[in-house]
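Working notes, structure below.
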Amino acid sequence: MNTSLLQGLNPEQLAAVTWPPQSALVLAGAGSGKTRVLTTRIAWLLQSGQAGVHSIMAVTFTNKAAKEMQTRLAAMIPVNVRSMWLGTFHGLCHRFLRMHHQDAGLPSAFQILDSGDQLALIKRMLKALNIAEEIIAPRSLQGFINAQKESGLRAEALHAPDPHTTKMVECYAEYDKICQREGVVDFAELMLRSYELLQRNEILRRHYQNRFNHILVDEFQDTNKLQYAWLKLMAGDNAAVFAVGDDDQSIYRFRGAHVGNMSALMHEFDIEAPIKLEQNYRSVGNILMAANAVIEHNAERLGKNLRTDAADGDKIRFIAAPTDFEEAQFVIDEAKSLQREGRTFSQMAVLYRSNAQSRVLEQALFRAGVPYKIYGGLRFYERQEIKHALAYLRLAVNPDDDNALLRVINVPARGIGARTIENIQTAAAEQGISLWQAACGMGAKAAKVAAFVRLIEGLGTQAAVSSLQEMMLAVTRDSGLVEYYQTQKGDHQDRLDNLDELVNAAVAFKPEESVFEVLPEGAQANPLFPILAFLSSAALESGENQAGEGEEALQLMTVHAAKGLEFDAVFLTGMEEGLFPSEYSLAERGGLEEERRLMYVAITRARQRLYISMAQQRLLHGQTHFGIVSRFVDEIPEVVLHRLSAKTKPFNSFTDAPKIKTRVAENYDLPQDYAGFRIGQNVRHAKFGTGVIIEAVNKGESARLTINFGQHGVKELDTAYAKLEAV
DNA sequence: TAGCCGATAGTTTTT
DNA sequence: CTATCGGCTA
């Protein structure tokens, strides 16, 4: 056997890679070579003949991670990666559902709803049900539905404790009905459908359980309950689950990640002890020391300490800037001086807790003429012009897609106004048919609608005989979208460029590579297959954030977005109480520990140099906030800190910040105080009468209260503005 | 039907 | 403060 695979691995990594074919949990600290271990294990399993390509499944969370594994694996051994089940949870579930769409109760051309589509559908449904947005906020319903699905729960299985929840559950049921009728599936549904199908269909279950002997999972700490249950079903008694994760980097609890899955895995898969990868190859000693010291303040840990052979390196530089503007200036000055020392901007990152903080930085950078790139804006496939074009394509293959129809029936404007659309909707509701069918039934009464119907019919006919590229061209041209953006006032060259880019993407698209392992019976014969595959991949692989990667620019992003990345130098900005840790997190049980893990992630992004900064005064939501330094900074040992002093006037805590809120230490048992109110309390409002506080969030000195005023509806009020008296 | 204005809300995010 | 959205008016 070729042993070169294993060369250069440290003893811990070697143990993990060559672990016998049993389940294992690998606790891989930041920068400990996690991806290397994962890919090398796959290569080793294949090369040593312990497993065949088709008996291995490898699951990740992001397409980026999946792609990276794919390339690294291909570089290690000659392997047909395509025939392997390597992909994201959602990607694999999608493949599974396409292959077994009939058993899953889905039409062969089912489409995927991204979160925007999902929200649009929910809004439409609430309107149709005559439920005001004040009673049920679309966003909260969306969150509710997704959370239920991610816990594996259907509407029928839910017991509502109160009238409000009862309504939400009813909406959930109705929502699923609509999705089924329209042949669309949201992200959570991809997982839940697959899970349910595996659970009830013994033949399928047996087949997959026999097939997969090795299931490898990346970022296991981020799995939610449903994903874990799905993994268990796939594994059966047969497969070895090799899970790699880091409980200290679990920062996605707010979207359902369940760290408890790690201990559950240990119990349920008879894992005696986790394999720990504690050797860090990324950061210098001082940075690592800071990271270790901070994370040690967390009580709920599996326990792990990073070590390094690297030198101590520079100390961490901390500065308390008087204002957010001066903080930005500091970042610029330092970044420039680092550049003069020979470092490149693209190897420096500016991190912040929330996107809103990027504004000041951006302005300052722009003025200083420093090139920068912001991550986390709109993604390519989420841009309106792209969604418009894809909606036409969707209608071509499935005109019953009401979402798509509503999106483009009057874009570009073709004289079909709100009135007409309402008529179509009424007709559709009365006859229980799709909007498309209703529109077709309008006949000669509405010439403009008829023209639209003809347009879509034309595209549909073309779809059956044209290639994907031809279709894409036809869609952008015949729909009138290109002309629309050319003639619209204002410069829409970027949108036109994006439409061109979309055509390019269609040209470059290789359907057989993206979606299916082996095409299911009949799929190959389906002329629509490339289009279906393209639409699916557009929804599932929302694409890189922006074009122009590799540019020489300073990298700006949230701490969340920085996970998995590393930089020579990192600027960690906005280290103020209330911002980081965020005020919101403090109200939640375990919230502070999650914030601290976020801090840990932030620190460990830096290879050689770390700057931490705060602003004593910052403009937030149009109001001036006076901040005190984050408790996390105090948790960093003084010996690795180098405190820089601001050049300008020192901050006077007495005159400048008369009312810094004294914060109660984290205490879960005391009822939370929200500017003198608490949840469940009865209050009176001059206009809305009496109500009960059902939710509350602290916002600095004030609090945002969600109050149910009965027949006046549910309102969100801020104690800073609303006059409320306790009853 | 389209464009304008005022109200409103405003962590973190991948699929 | 500012982006977004819904409702209202021309």
Side-chain angles (χ1 to χ4, degrees), chain A residues 59-66 87-94 112-119 123 127 132-134 137-139 143 146 149-150 185-191 219 222-224 226-227 251-257 351-357 359-360 375-377 379 381-382 410-421 448 488-489 536-543 545 557-564 574 578-588 591 594-595 597-598 601-602 618-625 697-699 704 706 715-718 721:
Chain A
V59 206
T60 65
F61 273 86
T62 65
N63 292 300
K64 200 175 156 195
T88 65
F89 275 101
H90 293 87
L92 294 182
C93 283
H94 172 243
I112 301 169
L113 291 184
D114 67 23
S115 1
D117 298 332
Q118 185 186 34
L119 190 62
K123 282 183 180 170
K127 215 167 224 168
E133 295 198 352
E134 291 83 53
R139 277 201 180 278
N146 290 338
K149 289 191 178 184
E150 276 159 15
V185 168
D186 62 51
F187 288 134
E189 184 74 19
L190 285 170
M191 288 289 328
E219 305 276 17
D222 287 340
T223 50
N224 61 36
L226 179 58
Q227 283 158 340
I251 55 173
Y252 285 114
R253 206 185 46 152
F254 71 92
R255 66 171 198 225
L351 308 184
Y352 34 80
R353 174 68 239 268
S354 74
N355 282 309
Q357 289 163 247
R359 178 170 236 95
V360 210
Y375 288 79
R379 272 183 293 274
Y381 285 105
E382 282 166 2
N410 199 33
V411 179
R414 43 176 74 88
I416 303 177
R419 202 44 182 276
T420 318
I421 294 174
K448 287 165 179 169
Q488 272 293 79
K489 67 174 174 203
S536 303
S537 91
L540 284 173
E541 299 176 37
S542 42
N545 269 322
M557 65 192 87
T558 64
V559 181
H560 280 92
K563 188 174 161 217
L579 264 187
F580 197 179
S582 96
E583 196 84 53
Y584 298 86
S585 70
L586 299 176
E588 268 174 84
E594 173 128 335
E595 293 286 306
R597 291 192 291 271
L598 199 51
V601 168
R618 151 182 328 268
L619 213 54
L620 221 63
H621 300 323
Q623 280 174 316
T624 304
H625 281 245
V697 172
N698 273 321
K699 288 182 74 106
R704 180 87 91 189
T706 309
K715 307 279 177 198
E716 286 210 0
L717 303 170
D718 198 307
Y721 310 110

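Keep in mind that this is a model prediction, so the values were computed, not measured. Only this structure's heavy atoms are used, side chains among them; waters, hydrogens and symmetry mates stay out. The sequence lines fix the lettering, A, B, ..., with proteins before strands; numbering per chain opens at 1.
Nucleic acid contact class of A/Asp222 (heavy atoms, under 4.0 Å, all strands): none. Nucleic acid contact class of A/Asn355 (heavy atoms, under 4.0 Å, all strands): sugar-phosphate only. Contacts of A/Ala539 with the nucleic acid, taken as non-hydrogen atoms under 4.0 Å apart, are absent. Within the 4.0 angstrom heavy-atom criterion, only backbone atoms of the sugar-phosphate kind lie near A/Phe61; the bases stay farther away. Across all strands, A/Lys123 comes closer than 4.0 Å only to sugar-phosphate atoms, never to a base (heavy-atom distances). Contact annotation for A/Leu620: no contact, since no heavy-atom pair falls under 4.0 Å across all strands. Residue A/Glu189 is classed as having no contact, given no heavy-atom separation below 4.0 Å to the nucleic acid. If you check every strand for non-hydrogen atoms under 4.0 Å, A/Thr62 touches sugar and phosphate atoms only. Contact annotation for A/Phe89: no contact, since no heavy-atom pair falls under 4.0 Å across all strands. Across all strands, A/Arg353 comes closer than 4.0 Å to base atoms (heavy-atom distances).
A/Glu588 and A/Ser585 share no donor-acceptor pair across their side chains, judged by distance under 3.5 Å alone.
Considering only side-chain N and O atoms, A/Arg139 lies nowhere under 4.0 angstrom from the phosphate OP1 or OP2 of B/dA9. Regarding contacts with the backbone of B/dT15, a side-chain N or O of A/Asn63 is found under 4.0 angstrom from either OP1 or OP2. Look at A/Arg379 and you'll find a side-chain N or O under 4.0 angstrom from OP1 or OP2 of B/dT14.
For A/Arg255, whose side chain is taken as the heavy atoms from C-beta onward, the closest listed nucleotide among C/dT2, B/dT14, B/dA2 is B/dT14. Side-chain atoms of A/Thr88 lie closest to B/dT15 of the nucleotides B/dT13, B/dT15, B/dT1.
B/dT14 atom C1' lies 13 Å from atom CG of A/Leu190, rounded to whole Å.
Look at A/Asp114 and A/Arg379 and you find no salt bridge, because none of the NZ, NE, NH1 or NH2 atoms lies under 4.0 Å from a carboxylate O.
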